[in-house]
There are 4 protein chains.
Amino acid sequence: MRIGIAGCGIRGQLFARALAGEPGVEVVGMCDPSAGARERAAAVYGGPILDSHGELIARGLDALIVATPDFAHRAVAVDAAAAGLQLMIEKPIATSAEDAEAIVAAVEAAGVSCFVAFENRWNPAFRKLRRAVEAGELGDIVSVTAVLSNTYFVPTQMLSWAASSSPAWFLMPHVLDLATWIVGADPQTVVARGRRGELAARGIDTWDAVHALFELGGSAVANLRTEWVLPEGRPSIVDFRVDVTGTRGSFSIDNSDQGVHAATAERYTSVGLLPEDIDGHEQSMAAWMVRSWARGLIAGKPVGPDARHGALITRAVELAHRSAAESTAFAVR
Amino acid sequence: MRIGIAGCGIRGQLFARALAGEPGVEVVGMCDPSAGARERAAAVYGGPILDSHGELIARGLDALIVATPDFAHRAVAVDAAAAGLQLMIEKPIATSAEDAEAIVAAVEAAGVSCFVAFENRWNPAFRKLRRAVEAGELGDIVSVTAVLSNTYFVPTQMLSWAASSSPAWFLMPHVLDLATWIVGADPQTVVARGRRGELAARGIDTWDAVHALFELGGSAVANLRTEWVLPEGRPSIVDFRVDVTGTRGSFSIDNSDQGVHAATAERYTSVGLLPEDIDGHEQSMAAWMVRSWARGLIAGKPVGPDARHGALITRAVELAHRSAAESTAFAVR
Amino acid sequence: MRIGIAGCGIRGQLFARALAGEPGVEVVGMCDPSAGARERAAAVYGGPILDSHGELIARGLDALIVATPDFAHRAVAVDAAAAGLQLMIEKPIATSAEDAEAIVAAVEAAGVSCFVAFENRWNPAFRKLRRAVEAGELGDIVSVTAVLSNTYFVPTQMLSWAASSSPAWFLMPHVLDLATWIVGADPQTVVARGRRGELAARGIDTWDAVHALFELGGSAVANLRTEWVLPEGRPSIVDFRVDVTGTRGSFSIDNSDQGVHAATAERYTSVGLLPEDIDGHEQSMAAWMVRSWARGLIAGKPVGPDARHGALITRAVELAHRSAAESTAFAVR
Amino acid sequence: MRIGIAGCGIRGQLFARALAGEPGVEVVGMCDPSAGARERAAAVYGGPILDSHGELIARGLDALIVATPDFAHRAVAVDAAAAGLQLMIEKPIATSAEDAEAIVAAVEAAGVSCFVAFENRWNPAFRKLRRAVEAGELGDIVSVTAVLSNTYFVPTQMLSWAASSSPAWFLMPHVLDLATWIVGADPQTVVARGRRGELAARGIDTWDAVHALFELGGSAVANLRTEWVLPEGRPSIVDFRVDVTGTRGSFSIDNSDQGVHAATAERYTSVGLLPEDIDGHEQSMAAWMVRSWARGLIAGKPVGPDARHGALITRAVELAHRSAAESTAFAVR
């Protein structure tokens with residue numbers, strides 16, 4: 001399986017490392033328009049690193065990982081689908097319903113598979129939650145409540161393109177996908193409320209926070225909170241907690257506090273258990289995900305979720321932004 | 001200060017105990033239409049326990065505590081106000097905007113003070129939060145997110161009148177008042193979503209869960225979750241957590257886990273630090289509250305919040321129920 | 001009850017504030033040899049602040065609180081006892097068994113009461129633990145394990161006399177008293193191990209850490225850890241956790257994390273629930289303790305624990321130091 | 001690499017599953033004297049399952065995993081070493097210093113490698129701790145404090161041979177090895193105190209709890225607590241927490257609370273993140289360990305720790321038992 005990686009950022013590098021040594025897989029090349037990103041990727045990947053996805057596709061690929069910035073998936077994905085490549089696209093599949101539909105159309109026209117990289121489906125905590133739900137231990141799901149928020153570090157230092165995104169674009173797809181996966185139902189309606197002003201004052205004209213309520217399937221409520229203005233003194237750059245209430249049981253997950261804390265004279269840090277390197281092999285949910293995807297391709301059984309689901313999540317999050325901006329409520333589908 | 005207590009339930013008994021020995025205060029009598037409740041109260045209160053609030057008022061009071069079930073405040077409060085008594089009324093002041101306005105009208109017509117017993121303003125954790133906000137340590141408030149949920153124990157065993165209430169009526173006034181107090185602004189709009197079915201199937205025809213988003217003042221969002229269907233195996237009958245995100249800092253409070261846990265062969269319990277008995281004197285937020293109220297009356301400086309605020313909270317929660325029922329959005333004022 | 005306070009440091013000031021307004025109590029004066037301490041105390045106490053305990057005793061007292069540095073209790077306590085005053089002495093009663101025995105002798109010769117201020121007996125968490133033990137909910141006690149450690153702040157900034165003390169002198173009396181109170185038995189033997197070097201290198205020639213194992217009564221083990229070298233980036237200057245294992249149940253208490261956390265750009269802080277000010281009245285375990293002591297004096301029923309118990313704790317901690325220094329084991333009594 | 005597994009219990013089955021599909025490895029057979037254990041293993045392992053280790057060795061092996069009960073390692077290990085097999089032995093290597101030395105002698109006489117399966121060296125939390133220590137982030141280690149305790153479930157239901165073991169034999173090797181690995185030094189002395197009575201009364205004549213203090217290298221103290229009498233209502237059958245205090249930093253690890261909690265009407269459970277199944281492949285510290293061991297054998301670079309270290313841990317734990325029994329102190333080496 002000849003795989004290319006478009007995007008040499010944190011995620012592209014991670015996927016290159018995670019696929020190294022995977023039986024039956026060759027990472028044929030990477031690409032990025034930024035010289036700096038190409039240089040950084042060269043430190044972890046020894047193969048060819050090209051300027052454009054066109055050059056990369058021209059090398060002859062079976063599959064392409066799209067790990068460009070969120071708003072820049074469309075052109076790469078459409079070209080790759082047209083070239084007949086199997087796709088893995090980072091979440092969200094796009095940051096507009098229009099872009100998302102264009103990708104779905106290209107994928108379906110080409111008859112290729114397209115996996116949207118909702119990596120939390122490989123998170124051990126959520127897998128245990130889902131097995132408990134499937135086993136009926138929680139009964140019917142009443143509420144899925146999640147916070148997925150970042151400190152200022154993410155919009156002001158980690159992402160160069162934060163003003164083209166938002167906490168809801170960057171974070172809500174994770175937890176909305178998770179809610180649909182846990183409940184086994186799609187979002188029907190959304191209302192959202194938010195707050196702007198502080199990031200704008202710091203030169204990044206986007207939302208500080210977006211809260212949204214989704215109705216899922218017949219009766220469950222998903223209550224999703226995303227913020228980009230947490231103070232940097234917190235023990236983690238992310239606050240990621242999920243509570244699920246069912247008619248017969250409940251599950252609470254704190255991904256940002258797994259019981260490991262480090263302190264120095266200056267800082268207090270919540271240390272995540274994963275990733276961990278075992279004999280030169282990264283063990284993490286993202287690594288497990290990309291390997292599962294590659295194994296699925298080799299076995300001819302592509303893993304999900306697919307582009308159509310990815311587009312639904314994008315449409316729902318787009319409507320959440322509109323609802324927050326206009327103080328209104330919307331049907332998602 | 002001659003004080004009467006209408007309602008001989010858990011709360012009425014607590015107030016009787018808390019005021020015992022308070023300088024300048026005499027608890028003149030209690031009343032309850034239920035013989036069982038009167039009997040239970042007699043175990044902790046040695047004075048006269050009457051059948052009706054009319055008989056109690058006739059004893060000659062300066063002030064009355066209204067600790068009847070939530071839906072039964074109106075008649076007692078209106079009669080007491082008409083009799084010129086100062087009032088303390090349990091939250092919510094009423095379970096309909098109409099009842100609440102009737103109480104406000106009676107209080108204002110009589111020119112008496114009316115304190116609505118939002119006891120969380122005496123909770124040490126929230127007091128510390130509010131001082132931090134007042135000191136500017138959190139900057140401007142972006143989000144107030146709260147869960148205040150109960151296990152099935154509360155609607156199915158603790159409250160005989162659960163079907164006349166709901167998780168939102170019983171719990172949301174606490175956290176909505178808290179949000180207004182922290183932010184220093186009233187709710188402007190509300191959208192809510194909820195879920196019914198499980199309690200109804202168990203014979204209590206009310207909501208299982210209600211989630212609401214309020215806009216407060218110019219820009220803050222209050223995200224409030226209330227549920228009555230948590231499983232009884234949880235370490236506490238209440239899940240009560242509040243996160244406040246400001247532009248310069250954040251505060252997280254877990255009232256249902258204060259670091260004390262007991263285990264036996266059968267159960268795991270989260271033990272609250274308060275109440276605690278010190279030399280026969282209850283130390284707790286409810287006890288501190290009712291003593292503060294009594295001292296305020298004696299000093300001629302009634303403590304707040306007042307009936308008008310109580311009525312606003314009731315109107316907002318009533319609209320949250322309508323929004324959840326009709327999947328719509330409302331302006332609160 | 002005319003009460004004097006010897007020592008104008010943090011604790012002396014706290015006791016002055018806590019007794020203000022207490023019925024039947026007059027704080028007649030304070031004293032401290034340090035002009036700086038006297039000045040700081042003047043900000044919270046309006047009465048006379050004298051240079052020496054002799055002058056204070058000469059004012060005519062019924063009782064004296066000894067809140068001088070730990071190593072300086074003896075002279076004050078012996079003089080006060082000789083003058084016939086009831087005593088409350090901060091823990092440890094002394095930092096040598098010899099000083100402790102001298103205080104016991106003076107107190108017994110004078111026939112006065114002497115309360116040693118083990119304030120954790122007024123800590124709501126430990127009171128709930130003790131009631132559970134008394135109710136038999138834990139069965140027989142197997143282990144009492146405690147950590148009570150401080151960041152460098154305490155020895156290097158808070159205490160001017162740290163080199164005359166140690167983590168074991170400053171902290172272990174708290175948890176050893178607690179263990180005896182919970183188990184209902186005295187320490188029989190002690191072994192301890194410790195570590196020196198880092199504080200010495202910073203100019204404070206004392207232990208960095210002392211760990212001790214005590215046998216209590218017939219069969220329980222108390223495992224006590226005290227350190228003074230925790231990093232200052234931790235959320236609290238204290239790490240104070242107690243686990244009790246009984247044959248039928250267990251109790252775990254984290255005093256340094258009560259579920260309230262504040263974050264700013266620079267710091268993450270665990271906020272304690274107490275003390276809290278209610279209408280100008282401090283609510284805290286130390287305030288409750290000193291008021292209980294005063295009420296006990298007024299009622300003629302002095303509260304415990306007494307000087308003999310305080311001396312036993314001091315002897316046990318002294319032996320812990322010797323055991324750590326000499327890598328040996330000792331019988332406490 | 002032809003590998004056999006002696007012992008068909010929980011651990012033997014785990015190793016069989018974990019090695020399935022590992023490149024270059026064939027699990028040639030398993031053995032167990034118990035017909036029931038053989039039957040249970042047959043559900044997860046399809047190869048030959050024999051009655052005795054002699055029959056298994058006769059099949060022709062390169063290496064043998066010794067996963068028999070702790071007290072039964074010696075005969076198997078000595079025979080296998082004599083047959084020239086590489087060894088992996090579960091911790092503790094033996095439950096007497098004499099048995100341990102016999103294994104060391106056999107291994108050294110045969111010139112084979114012998115890995116003692118201290119699996120916590122593959123625990124992501126401890127690996128992160130160790131890297132922090134190696135990077136100097138904690139400075140010099142002052143204290144390693146650990147609790148590793150079980151509920152009654154382990155001695156009364158999980159282990160048929162609990163009376164031949166103890167909490168200290170079953171649990172302390174884990175945390176003592178961990179302490180030596182973190183500090184980079186061997187135990188020098190030990191003092192221990194313990195408690196017997198409750199398990200004996202329940203028909204299992206062993207210790208209820210053992211606490212031990214070890215001096216490690218020049219100056220660090222390891223404070224290790226092991227109990228087998230925790231109540232079964234706790235959220236986990238294990239209480240496993242490690243605090244490391246260094247002169248420049250600290251690390252706290254709670255392995256028994258990784259932030260995932262499940263509740264039903266009857267129970268509250270702390271859910272561990274690992275193991276997790278990814279595409280039919282177990283991801284867990286034990287699985288990573290046994291694969292690392294197998295890869296090391298194939299590469300000719302056996303992973304540690306070795307038999308001599310295992311024997312030192314056994315001698316130290318044996319002395320801890322003696323110290324607890326006799327209330328004395330011992331030099332370990």
Side-chain angles (χ1 to χ4, degrees), chain A residues 23 122-129 131-132 137-139 240-281 283-285 287-289 291-296 299 303, chain D residues 23 122-129 131-132 137-139 240-281 283-285 287-289 291-296 299 303:
Chain A
W122 277 262
N123 179 316
F126 297 129
R127 291 167 81 91
K128 285 168 174 64
L129 162 60
R131 277 194 292 269
E137 293 167 19
L138 275 70
F240 187 4
R241 288 172 285 155
V242 176
D243 293 335
V244 176
T245 304
T247 53
R248 294 178 50 197
S250 68
F251 231 85
S252 296
I253 295 170
D254 188 341
N255 273 288
S256 35
D257 185 348
Q258 299 178 326
V260 183
H261 297 92
T264 63
E266 294 81 28
R267 273 204 70 76
Y268 186 67
T269 310
S270 177
V271 180
L273 290 174
L274 298 177
E276 183 55 54
D277 178 281
I278 301 293
D279 303 333
H281 221 49
Q283 306 292 349
S284 71
M285 59 184 184
W288 294 337
M289 171 183 71
R291 290 179 201 137
S292 281
W293 170 70
R295 287 172 201 153
V303 296
Chain D
W122 278 262
N123 178 317
F126 298 129
R127 292 167 81 90
K128 284 167 176 66
L129 162 60
R131 277 193 292 270
E137 294 168 18
L138 276 71
F240 187 3
R241 288 172 285 155
V242 177
D243 293 335
V244 177
T245 304
T247 54
R248 295 177 51 196
S250 68
F251 231 85
S252 296
I253 295 171
D254 188 341
N255 273 289
S256 34
D257 185 349
Q258 299 178 326
V260 182
H261 297 92
T264 63
E266 293 81 28
R267 272 204 71 76
Y268 185 68
T269 310
S270 179
V271 179
L273 290 175
L274 298 177
E276 181 57 53
D277 178 281
I278 301 294
D279 303 333
H281 222 51
Q283 306 293 347
S284 70
M285 59 184 184
W288 295 337
M289 171 183 71
R291 291 179 201 137
S292 282
W293 170 69
R295 288 174 201 152
V303 296

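Bear in mind the structure is a predicted one, so any value in this text is a computation, not a measurement. Chain letters run A, B, ... following the sequence lines, proteins first and then strands; every chain starts at 1.
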Participant: As an exercise, state the distance from CG of A:Asn255 to CG of D:Leu273, rounded to the nearest 0.5 Å.
Facilitator: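 So the gap between those two atoms works out to 8.0 Å.
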Participant: Kindly write out the residues that satisfy side-chain hydrogen bond (donor to acceptor under 3.5 Å, both in side chains) with D:Arg295, not counting sequence neighbours, or none if the list is empty.
Facilitator: A:Asp279, D:Glu22
Participant: Could you look at D:Pro23 and say if it's the side chain, the backbone, both or neither that has a heavy atom under 4.5 Å from chain A?
Facilitator: neither
Participant: Would you check if the side chain of D:Arg127 reaches a backbone N or O of A:Asp277 as a donor-acceptor pair within less than 3.5 Å?
Facilitator: yes
Participant: Name the member of D:Gly249, D:Ser252, D:Ser256 that forms the most heavy-atom pairs with chain A at distances under 4.5 Å.
Facilitator: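 Looking at each of D:Gly249, D:Ser252, D:Ser256 in turn, D:Ser252 comes out on top.
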Participant: After noting the C-alpha distance and the side-chain angles of A:Arg131 and D:Glu276, does the key distance pass the salt bridge (charged side-chain N to carboxylate O under 4.0 Å, His left out) rule?
Facilitator: CA-CA 11 Å; A:Arg131 277 194 292 269; D:Glu276 181 57 53; 3.0 Å; yes
Participant: Measuring from atom CD of D:Gln258 to atom CG of A:Asp254, what distance do you get when rounded to the nearest 0.5 angstrom?
Facilitator: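 The distance works out to 12.0 Å.
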Participant: Atom CD of A:Gln283 and atom OG of D:Ser284: how far apart are they, to the nearest 0.5 Å?
Facilitator: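 Spacing of CD (A:Gln283) from OG (D:Ser284) equals 10.0 Å.
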Participant: Which ring-ring contact (aromatic ring centres under 6.0 Å, His included) pairs, counting each pair once, include a residue from residues 244-263 of chain D, with sequence neighbours left out?
Facilitator: D:His261-D:Tyr268
Participant: Side chain, backbone, both or neither: which part of A:Val271 has a heavy atom under 4.5 Å from chain D?
Facilitator: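 The answer is the side chain of A:Val271.
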Participant: Measuring heavy-atom distances to chain A, does D:Ala132 have an atom under 4.5 Å in its side chain, in its backbone, in both, or in neither?
Facilitator: neither
